[in-house]
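Notes for the one structure printed next.
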Amino acid sequence: MVQTLADVLVPLPLDTLFSYRVPDGMTLVPGQPVRVPFGPREAIGVVWDLREGAGANLKTLAGPIDAPILPERLRALLDFVAHWTLAPRGAVLPMALKLADGSRAETPRVGVRATGALPKRMTPARERVLAIAADGAARAKRELALAAGVSAGVVDGLVDEGALETLALLAPQSPAPDPDHAPAALSADQRVAADALAAAVRETASGVPVPILLEGVTGSGKTEAYFEAIAQALRMGGQSLVLMPEIALTAGFLDRFAERFGVRPAAWHSGVGGKRRERLYADIASGAAKVVVGARSALFLPYADLKLVVVDEEHDAGYKQEDGVHYHARDMAVIRGRLEPAAVVLASATPSLETRVNAERGRYAHIRLPERFGGRTLPDIATIDMRASGPPQGRWIAPPLAAAIEAATARGEQALLFLNRRGFAPLTLCRACGHRYECPNCTAWLVEHRFRRALVCHHCGHVERTPDHCPSCGGVDTIVPCGPGVERIAQEVATLFPEKRTITLSSDFPGGAERLRTELDAIASGACDIVIGTQLVAKGHNFPLLSVVGVVDADLGLTSGDPRAAERTFQLLQQVTGRAGRGDRPGRAYLQTFQPAHPVIAALVSGDAERFYAEETAQREAARLPPFGRLAALVVTGADKDATHAHARTLVRAAHAMGVLDADLSVLGPAEAPIAMIRGRHRVRILVRAARTRDLQGFLRDWLAAGPKPTGGIRVQVDVDPQSFL
DNA sequence: AGCACGCCGACT
DNA sequence: GTCGGCGTGCTC
């Protein structure tokens, strides 16, 4: 017998669709979330395909779930992401299914509204209630009673007599952003950019607009420019999505948005939970939520009519998802734009090399906003050669830098000391026997956190109390810290400038994001003289009084095995040094370095970013690294440390022998590959240049099927950077 | 991912 | 003699 069959994708790490018989009389459409019998239990899934066929030995689908249908365009995106990241489709599906906990049925709030009828007997209390309800709007029962100064019983009585009617109260719908609320006065350059972005949004009506790189330094008005693209999308009745790398740092953005559009946009991130998440999900699917600001996960929601995706700070590494399904939200945003179609705007002051190259090759349009209004005074950047003018042994702030800090603070200005390293000292050892404090889980050193009186592994999070005697030789008080962390710099600052007000900011900052924000506000208003911080202070907040920036160790990060190390360091230091001097006040930045001739350092000093990028691009091309070659990360996880490392080594050797890895292969091989402890499992991450991704996928499948599995639970994941394929 | 089935150690 | 460890395998 021929009947309707549904091929259903279940949100489990499986690649196969499961076929079910559709009961007679049940109409389903592709994208419909459904319940299906699955082994001994019931699972939820999404109809991927419907077809006619004989379903004699198939189970019968239980029925649809009352949840938004995943649009065809979104299903296409999910298929693409799965294919791209070599992840099973079922592993990608949950990213689009944020059904909160579907088990907990939503209890609709009961609202009441005037019917126009009058009660048989009028009382003063009833009059007050009806006076308020006279506008015909629906209100929550409690709210109405409260407003009228009566008990809920009066309202109930009016309902019984037909003067009020009950209805399921919809959530108080916040008004839609108004594109004409308060249009900003744009400079001529901003106007040109805004018009081009709006034109791209308009173009979605007839085709696929080219993605746009919007480049402009902080304060050049990128945000105002892309606000006009959002306004255009609003005028067309469509939705916009603004992706941000760290949603925690976006409160300022939400306010600016509200100034321009009258209301705050909807924010989607992991912190939004429960009912609010459910409602927002539904509003996104219905098209009621017009503008969504979100972290990378917001990209996979079932937008009804998405016209614009803005990826703010597109160079930010936070767009890379390194957990579960490995994807880069910036690249997937470009794909989503192509599928919707929607305009895609990649905004940054320091675009990534990949995006630069894509713009140069004409795959992206490139709009530059010239430097800030009123002439931005770029900070004057100088190096301090630590070999010649370094501080005495055991100190980290060179005399010229100390002098600059002294002078700035004496003028009532602020100084920032930047060191991208948490804790007191990166390496701790025993003076008597040389014992190194190492993490019991990883091959990483323990970092002393003097403030917390603890040794912390920055790799896996292992924490232990700082011991008072050496566990190896038993020596008492023999601990020697080696090298600086921000806490140690803070100590040195306290001795150098005892009368100055200082603060140390890192992700260890006690009190969480809330307190950090208030602290940053206080700093901006001058509550402190010297700020010591990690990369946390590199972005986000403006410090108008800051005139001197000192980079304690500009060489840090240049030597890591990451092929993007130079680019990352350049961008980070450009951001940090750029914080010196606001408006017309010139700032000064000092780079403490042992290698002043290093291309990254030289480029920062000369300010010739273009040349740096050109050289970096040429080098990457020669080395066939992204965006010119394919980089993959093999992630091997297992229960046992040594076995996992050994496994990673054989894996890379085998892949090399099979020719699925490129020539001299392993960029960061298993010998140096860091091992980390993640959720109770050891994890080795190896960067490799992949030959053909397809082959790598096939190889891994075969290898896992046939290869030895010495310890249980070893898994291999592949993370392909897709920029080079676009 | 769950949740079965399936063989080897310490307990009422 | 059982309860229970997690290794392996399946889910239309």
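Just so we're on the same page: letters track the sequence lines, and every chain starts at 1. A quick note: this is a predicted structure, and the numbers were derived from the prediction, not measured.
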**Request:** Measure from NZ on K59(A) to P on dC12(C) and round the result to the nearest Å.
**Result:** 4 Å
**Whole-Å gap separating P (dC3(B)) and CD (E42(A))** = 13 Å
**Message:** Between P on dC12(C) and CZ on R51(A), what's the gap in Å once rounded to a whole number?
**Reply:** 15 Å
**Asked** Base, sugar-phosphate alone, or nothing: which one does R41(A) contact when heavy atoms must sit under 4.0 Å apart?
**Response** base
**Distance, rounded to the nearest Å, where Q3(A) contributes CD and dC12(C) contributes P** = 16 Å
**Asked** Which nucleotide in the list dC12(C), dA1(B), dC3(B) gets nearest to the side chain of P40(A)?
**Response** dC3(B)
**Message:** Does L14(A) reach a base, just sugar-phosphate, or nothing at all? Heavy atoms under 4.0 Å.
**Reply:** base
**Asked** Taking atom CD1 of I284(A) and atom CZ of R277(A), what is their separation to the nearest 0.5 Å?
**Response** 9.5 Å
**Item:** Rounded distance (nearest 0.5 Å) linking atom NZ of K320(A) with atom CZ of R330(A)
**Value:** 9.0 Å
**Request:** Mind checking the CE-CD spacing from M26(A) to Q32(A)? Nearest 0.5 Å is all I need.
**Result:** 9.5 Å
**Request:** Answer with base, sugar-phosphate or nothing: what part of the nucleic acid does Y20(A) contact at a heavy-atom distance below 4.0 Å?
**Result:** sugar-phosphate
**Request:** Could you check how far CG of L12(A) sits from P of dC3(B), rounded to whole Å?
**Result:** 11 Å
**Prompt:** D7(A) CG to dT11(C) P: how many Å, rounded?
**Reply:** 16 Å
**Request:** Hey, can you tell me if Y327(A) and F300(A) have their rings parallel, tilted or perpendicular (30° and 60° cut-offs)?
**Result:** perpendicular
**Message:** Taking any heavy-atom pair under 4.0 Å as a contact, classify P11(A): base, sugar-phosphate, or nothing.
**Reply:** nothing
**For atom CZ of F18(A) and atom P of dG2(B), their distance in whole Å** = 14 Å
**Request:** Could you state the atom-to-atom distance from CG of L93(A) to C1' of dA1(B) in whole Å?
**Result:** 13 Å
